[in-house]
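Here is the structure we will look at.
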Amino acid sequence: MTLKDPICAIATPPGKGAIGVVRLSGKGAMEVAARVWRGKDPRGLRGGRFTLGEVVDPETGEVLDQALLLVFRAPRSYTGEDACEFQTHGSPAVLRRVLEALVKAGARLAGPGEFTFRAYMNGKLDLAQAEAVLALVEAEGDFARRQALRALEGGFSRKIAGLEDRLLSLLAHIQALLDYPEEGVEPLEAKRVIGEVLQEVKALLAQARSSRLAQRGARLALIGAPNAGKSSLLNALLGYERALVSPIPGTTRDYLEAPLELFGIPLVAVDTAGVREAEDPLERAGVERALAIAQEADLILYVADRSRPLPPPPPLPWERTLKVASKADLPPAWEEPGFLSVSSLTGEGLDRLKDALREALLGGGGGEYLLTERQVEALTRAQERLQEALALPEDLMGLALEEALRHLGSLRGRGEVAEAVVARIFQNFCVGK
């Protein structure tokens, strides 16, 4: 395998569709394309042009499909190489035959993420932007989409570059003070600069939890006594009737899951059996399962009926629990601080509850960037070295600052980044990206 030979792959998802895309990129890509194309010669087309024609088998001349051919010229392409896309009908049979034709014509099948890897190696993207490509492809909610796009556009990379520049300037100044003390170099407030950079790094790390939730989603468990209004609240959050609602206590014996998206985060809401002392073995099993689901949930809504006496609280992890006083449209039987009053029937308090959910999950805004595990680890290492530098006298800070710079540089793929780390990043990509 080399980084110059032409590679090809299907770029659209498996299954039937109106349109399918097959990508081709690398040295000699236009010569390969010319062998399978009947129409205007792609070797004579300028970048950014497309033409209508037919894809043919280079060995038999059989017409495989009528298609559009879109041409890109180096370095103004995604990979930085000569590249083209065959936009065919979306039949799996068509796409498979077009791919086979390109291989017969001299291309090889691309590996996972190889198009993006070439973009990285050719300087079209840095490593943080390459990771943002994967995050954007995998985004299931609008929050993840926005954050990943911000990083792809270079926002995160510019942020890191700014921190690196400040530390490099400080390092250079410290070195000048050590090497040329007789020149009367004015000392900088080194600890102030390091402290400011450290606060920026901590602010980025504070976004780690929201990044995890944006990428994998969150589980929201609804817990409460029988007939507390959990199913009605679930339906109100969903905006449609998903759970059966009945005035008979104990209707829900098992749990029920429903996907929803709030503030751009994909959630799975879990309506559970009513929690109370139960003699019936089936109901008791439902209560045990409800409490087990609560222990594993990212966030819990403890729902209590405000129109009836407040029952004893169940054993819950209260540090990640929001308390909801349901049936706010009925006369209250109790008032307790810390409960959000909500009526699933009228919608009263529902917006306040959603705001509280957002605050509990995202801590307010949720941050600007979508951080990967690798990026969180690198920022954590940089934070440790900066804290170490703060504790040292100015003439001994240099090594710790150099280590902090190395970890920050690895975020963008600058300096020493282990080949195994780069390989692990790109092996998670789909083949056509």
Side-chain angles (χ1 to χ4, degrees), residues 120 125-136 143-144 146-175 177 187-216 265 359 361-418 421-422 424-425:
Y120 165 62
L125 302 170
D126 65 24
L127 204 53
Q129 289 173 301
E131 288 173 294
V133 170
L134 178 60
L136 191 56
F143 184 75
R146 290 195 305 269
Q147 287 188 313
L149 185 59
R150 200 175 290 124
L152 179 58
E153 291 172 340
F156 180 69
S157 298
R158 287 190 293 273
K159 178 79 169 179
I160 297 301
L163 299 181
E164 289 182 83
D165 285 344
R166 295 182 71 181
L167 291 182
L168 278 170
S169 296
L170 178 58
L171 257 178
H173 202 87
I174 290 172
Q175 195 62 46
L177 284 172
L188 282 174
E189 298 178 62
K191 290 187 183 294
R192 177 186 60 80
V193 174
I194 295 171
E196 289 172 355
V197 173
L198 180 59
Q199 289 307 309
E200 296 274 9
V201 170
K202 286 181 176 179
L204 287 171
L205 280 171
Q207 302 175 30
R209 182 172 186 269
S210 65
S211 294
R212 285 195 298 273
L213 293 178
Q215 292 173 88
R216 66 173 175 82
I265 295 287
E359 178 67 31
L361 288 171
L362 300 180
E368 291 184 86
Y369 308 113
L370 199 66
L371 302 180
T372 66
E373 289 184 14
R374 183 191 77 87
Q375 290 166 346
V376 170
E377 182 179 352
L379 286 167
T380 301
R381 298 290 175 267
Q383 175 184 256
E384 292 168 353
R385 299 289 78 78
L386 290 168
Q387 288 170 333
E388 181 184 319
L390 271 179
L392 294 171
E394 195 167 294
D395 57 343
L396 298 178
M397 288 177 176
L399 185 58
L401 290 177
E402 287 175 3
E403 283 292 300
L405 271 168
R406 184 172 65 83
H407 291 302
L408 289 176
S410 72
L411 291 166
R412 297 192 292 147
R414 298 174 68 250
E416 296 180 9
V417 182
V421 172
V422 176
R424 187 168 69 246
I425 291 170

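Since this is a predicted model, take the numbers as computed values, not measurements. Both backbone and side-chain heavy atoms feed into the values below; hydrogens, waters and symmetry mates do not.
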Which atom of Leu362 lies closest to which atom of Ser210, heavy atoms considered: CD2-CB, 3.6 Å

Basic-acidic side-chain contact under 4.0 Å: Glu200, Lys159: yes

Nearest-0.5 Å distance, CG of residue Leu379 to CG of residue Leu386: 10.0 Å

Main-chain N/O of Leu411 paired to Arg374 side chain as donor or acceptor, under 3.5 Å: yes

Backbone N/O of Leu361 and side chain of Arg209: donor-acceptor pair under 3.5 Å: yes

Check: Thr372 and Leu134 side chains under 4.5 Å, non-hydrogen atoms: no

Within-4.5 Å side-chain heavy-atom neighbours: Leu152 and Leu125: yes

Rounded distance [0.5 Å steps], CD in Gln207 versus CD in Gln375: 11.0 Å

Gln387 to Leu198 - nearest heavy-atom pair and separation: CG-CD2, 3.8 Å

Note: Glu164-Arg412 ion pair, threshold 4.0 Å (strictly below): yes

Under-4.0 Å salt bridge between Arg406 and Glu403: yes

Min side-chain heavy-atom separation Leu399-Arg385 under 4.5 Å: no

Closest non-hydrogen atom pair between Tyr369 and Ser211, with its separation: O-OG, 3.3 Å

For Ala389 against Ile194, the heavy-atom pair lying closest together: CB-CD1, 4.0 Å

Interatomic distance, Phe156 atom CZ to Leu204 atom CG [nearest 0.5 angstrom]: 6.0 Å

Minimum heavy-atom distance Leu370-Gln147, with the two atoms named: CD1-OE1, 3.1 Å

Spacing of Ser169 atom OG and Leu167 atom CG [to the nearest 0.5 Å]: 9.0 Å

Distance (rounded to the nearest 0.5 Å) between Glu196 CD and Leu170 CG: 10.5 Å

Verdict with reasoning, Leu401 to Ile174, per side chain to side chain contact (heavy atoms under 4.5 Å, CB included): CA-CA 11 Å; Leu401 290 177; Ile174 290 172; 4.0 Å; yes

Gap separating the CD atom of Glu131 from the CG atom of Leu136, nearest 0.5 angstrom: 13.5 Å

Closest non-hydrogen atom pair, Ala400 against Leu392: CB-CD1, 4.5 Å

